[in-house]
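Please read the structure below before turning to the comments.
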Amino acid sequence: MEKQEENCKIDIEEEEKMDKEDMYSCRRRISRVMITLIIGLLATCYYIFVVELCIFTVPSQELKATFLVIFHILFLLCMWSYLRVVITPPAVPPETFRLSESDKQLYLSEERPEVQEQILSRAAKNLPLYYNVDSKTPIKYCRKCQFIKPDRCHHCTVCDICILKLDHHCVFLNNCVGFSNYKFFLLFLLYVPLLLIFTSAVSLYCSILFWTDQLPNMDSKGSAIALFCMSTFSCIIFCYRYIYDHYSLVVTNETLLEFNEGLHCEYNPYDLGYRKNWRQVFGNKKRYWFIPIFSSLGDGSSFPLGDATEDIEKNGTIDCQTPK
């Protein structure tokens, strides 16, 4: 009777595991579809703006050239940022955070939580962890990836890996936003509304020309009005929903996951002040701040603390290099 109950329990657990895997697989397929839709939408907007408005509608050659140059600069930066955040693989913990084979076998064979904690504490003694500063915080170990989790590292159930400084998994990117591509994500959030504002302004200009009879009725009239409505509406939603939320987290040095789970409600040990928080993401060299080139500080596995006496520039600085 007991064996039957155990077998039944195992079967239920396996079914739940398979259901979760199917759900995550479905989310990955949906993400691929979303990427295709976003690229298709950008291509459609590109055609309407460049061909329908600038080439066929705008009467002045000087304005045509000006609009096309500004649009292509913003469009290039937008696409560059988007592709970087999509194709950049998430950073995973370095091998120094992996348990030795003997410690791993000892940890897995031990059932007492207090003994497991002792094993992890001994293994993490020389690792750069905030746990070693605040002994009240338990050391976190991922059984699936077999890593001691560095500070701010979390396991993504969709990507099925531990990711350094995980912000969130984005269905529109089919990728996780973390330490290695966080800057690219923020730049994408910046350039999209700038592109939308400019597109909205130019399409409004063309619509006014049609409404005041300065241009004859053309097929591009409907395109100009549609592009104005679409870009204005999208810009309002984008700015309200994403820009404020994510950039406010940058200046407080908090990830979206940490904010949603309330991990730093009382005290955020990583808050260095808004200037150093900004530089930790965008780097020390201002000329690289708004270019989709990796320039974040640190290695993603350890972070300077708010009460640290050492300046951020001297604490594991990596400038303009793609993390390995």
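Position 1 is the first residue of the sequence; numbering continues from there. Values in this document were obtained by computation on a predicted structure and should not be read as measured data.
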**Study point:** Check: Cys45 and Met230 side chains under 4.5 Å, non-hydrogen atoms
**Key:** yes

Point to revise | Contacts of Phe188 that satisfy ring pair (Phe, Tyr, Trp, His ring centres under 6.0 Å) - sequence neighbours left out | key: Tyr82

**Study point:** Parallel, tilted or perpendicular, as decided by the 30° and 60° cut-offs, for the rings of Phe294 and Phe184
**Key:** perpendicular

Check your understanding: Got a sec, which residues hit ring pair (Phe, Tyr, Trp, His ring centres under 6.0 Å) with His168, two or more places apart in sequence or on another chain?
Key -> Phe185, His246

Practice item. Measure across Leu74 and Leu194 and return the closest heavy-atom pair with its distance rounded to 0.1 Å. Key: CD1-O, 3.8 Å

Review point. Going by atom types alone, do Lys183 and Ser295 pair a side-chain donor with an acceptor below 3.5 Å?
Key: yes

Review point. Quick one: do the Thr88 and Ser180 side chains pair a donor with an acceptor below 3.5 Å?
Key: no

Review point. Would Asp271 and Asn277 count as having a side-chain donor-acceptor pair, cut-off 3.5 Å?
Key: yes

**Study point:** Aromatic plane relationship, Tyr46 with Phe71 - under 30° parallel, 30 to 60° tilted, over 60° perpendicular
**Key:** tilted

Check your understanding: Nearest heavy-atom pair of Arg122 and Asp103: which atoms, and what distance?
Key -> NH2-OD1, 3.3 Å

Exercise for review: Measure up the Trp289 and Trp278 rings against each other and bin them: parallel (under 30°), tilted (30 to 60°), perpendicular (over 60°).
Suggested key: perpendicular

Check your understanding: So, Asp160 and His155: side-chain donor and acceptor under 3.5 Å apart, yes or no?
Key -> yes

Review point. For Gln118 and Glu114, does a side-chain donor sit closer than 3.5 Å to a side-chain acceptor?
Key: no

**Study point:** Remaining members of hydrophobic cluster (4.5 Å side-chain criterion), Leu204
**Key:** Ile208, Trp211, Ile225, Phe228

Point to revise | Flag for Gln280-Asn253: side-chain donor and acceptor within less than 3.5 Å | key: yes

Point to revise | Sole residue of Thr44, Ile38, Ile39 in side-chain contact (heavy atoms from CB on, under 4.5 Å) with Leu42 | key: Ile38

